[in-house]
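One structure is given here, and the rest of the page talks about it.
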There are 2 protein chains.
Amino acid sequence: MRIGELAARAGTTTRALRYYESRGLLAARRTDNGYRTYDEDDLRLLQQIRTLQDFGFDLEETRPFVECLRAGHPAGDSCPASLAVYRRKLAELDALIDELGAVRTRVRAELARAEVLATAEVPGGPEPRCELSPKT
Amino acid sequence: MRIGELAARAGTTTRALRYYESRGLLAARRTDNGYRTYDEDDLRLLQQIRTLQDFGFDLEETRPFVECLRAGHPAGDSCPASLAVYRRKLAELDALIDELGAVRTRVRAELARAEVLATAEVPGGPEPRCELSPKT
DNA sequence: CCTTGCCTTGACGTCGACGTGAACGCTTAC
DNA sequence: GTAAGCGTTCACGTCGACGTCAAGGCAAGG
């Protein structure tokens with residue numbers, strides 16, 4: 001299979017595949033006329049890369065998985081180095097989620113404060129809602 | 001006050017201040033010799049920018065706050081446009097946190113699965129822990 | 001033969017928020 | 001007078017993962 005077909009099957013672009021090759025992931029055989037040629041193993045390897053990319057792993061972090069597959073292991077995460085990346089990424093995710101949660105809390109507080117001030121500021125704004133018996 | 005002092009008081013760099021100026025935030029007066037001059041209002045404006053940057057707002061998103069302060073309002077978030085940015089950012093944060101949580105769950109699952117396979121694969125690895133009476 | 005649609009390499013563009021360095025001027029202190 | 005420590009503008013570098021031409025080759029169909 002050539003580069004266009006592989007890209008289509010993996011849901012990515014030829015440019016991305018050439019980029020992966022330039023980074024040392026995903027090597028390719030060549031036909032007589034210089035065209036890159038791939039097989040099903042390359043597809044699996046590429047799918048591994050894409051999955052991790054979707055998880056937010058950067059390319060360098062996919063390298064252990066790729067090398068694991070190249071070494072003949074059945075899955076990219078069958079190697080200690082891959083597990084280490086998983087664990088590091090989990091820690092990063094936890095830290096990031098905590099941080100974002102803290103930011104969210106602070107932004108919420110700012111918004112609440114600013115909204116109160118805004119309604120208090122605008123003269124024609126919402127009136128106090130403490131009426132016991134509505135006019136209508 | 002000149003650019004160096006303002007940068008120091010706001011905990012940032014002169015380069016950043018010139019960049020903000022190039023983006024149309026944070027205007028500066030000039031002395032006879034061309035030096036930029038700032039006052040306390042500029043400091044407050046800059047602090048507003050820095051706070052929002054720390055929250056993960058990008059520079060364009062700080063613009064409504066800056067313009068609000070420039071319009072003479074006591075706080076940068078005293079204007080509807082600023083509140084809108086707060087709300088949009090909160091929605092983004094919620095979506096991002098949810099997404100990251102989902103990724104975390106998936107990565108955890110992958111890690112758990114891979115760990116089990118790894119221990120089952122290694123011959124000299126951990127033995128089954130179902131012994132009723134330990135040898136020692 | 002000509003077009004269409006693959007493929008090749010090479011190289012510059014993108015985005016954001018600056019960092020870094022060059023080459024220079026002003027002020028103040030010694 | 002000269003060195004230190006401010007300031008000025010201009011302009012290229014950074015990072016990641018590609019996008020987007022440009023210029024050309026190869027294969028197949030009408």
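Only heavy atoms go into these numbers, but all of them, side chains included; no hydrogens, no water, no symmetry mates. Proteins get letters first, then strands, A, B, ... in listed order; numbering begins at 1 in each.
- Contact check on Glu110(A) versus Arg106(A) returns no salt bridge, with no Lys/Arg side-chain nitrogen under 4.0 Å from an Asp/Glu carboxylate oxygen.
- The distance between the ring centers of Tyr86(B) and Phe55(B) does not fall below 6.0 angstrom.
- Residues Thr62(A) and Leu59(A) are in side-chain contact: their nearest non-hydrogen atoms beyond the backbone lie under 4.5 Å apart.
- Both Glu5(A) and Tyr20(B) sit near DNA chain C, but only Glu5(A) has its closest nucleotide nearer the 5' end.
- Salt bridge status for Arg30(A) with Glu21(A): present, with a side-chain N to carboxylate O gap under 4.0 Å.
- The distance between atom CZ of Arg29(B) and atom P of dT8(D), rounded to the nearest whole Å, is 13 Å.
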Polar pairs (N or O, both sides) under 3.5 Å between protein and nucleotides 9-12 of chain C?
{"from": "dT9(C)", "atom 1": "OP1", "to": "Arg30(A)", "atom 2": "NH1", "distance (Å)": "3.3"}
{"from": "dT9(C)", "atom 1": "OP1", "to": "Arg30(A)", "atom 2": "NH2", "distance (Å)": "3.0"}
{"from": "dT9(C)", "atom 1": "OP2", "to": "Arg36(A)", "atom 2": "NH1", "distance (Å)": "2.9"}
{"from": "dT9(C)", "atom 1": "OP2", "to": "Arg36(A)", "atom 2": "NH2", "distance (Å)": "2.8"}

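- Checked for salt-bridge contact, Arg70(A) and Glu67(A) miss the test: no charged N lies under 4.0 Å from a carboxylate O.
- Mapped onto DNA chain D by nearest heavy atom, Arg2(B) and Asn33(A) fall at different nucleotides, with Arg2(B) at the one closer to the 5' end.
- For dC7(C), neither phosphate oxygen OP1 nor OP2 lies less than 4.0 angstrom from any side-chain nitrogen or oxygen of Thr14(A).
- Annotation: salt bridge (Lys or Arg N to Asp or Glu O under 4.0 Å) contacts involving residues 45-58 of chain B, sequence neighbours excluded, are absent.
- Straight-line distance from the CG atom of Leu17(A) to the C1' atom of dG19(D): 14 Å, rounded to whole Å.
- Remark: C1' of dC15(D) and CZ of Arg23(A) are 12 Å apart, rounded to the nearest angstrom.
- Taking the charged nitrogens against the carboxylate oxygens, Glu60(B) and Arg23(B) have no contact shorter than 4.0 Å, which rules out a salt bridge.
- With salt bridges taken as basic N to acidic carboxylate O contacts below 4.0 Å, none links Arg87(B) and Glu92(B).
- Regarding Tyr19(B), its OH atom lies at a distance of 17 Å from the C1' atom of dT9(D), rounded to whole Å.
- Side-chain to base pairing of Tyr35(A) with dG25(D): one donor and one acceptor N or O lie within less than 3.5 Å of each other.
- In this structure, Asp42(A) does not pair ionically with Arg9(A), as no charged nitrogen and carboxylate oxygen lie closer than 4.0 Å.
- Scanning residues 45-70 of chain B for heavy-atom distances under 4.0 Å to DNA chain D yields an empty list.
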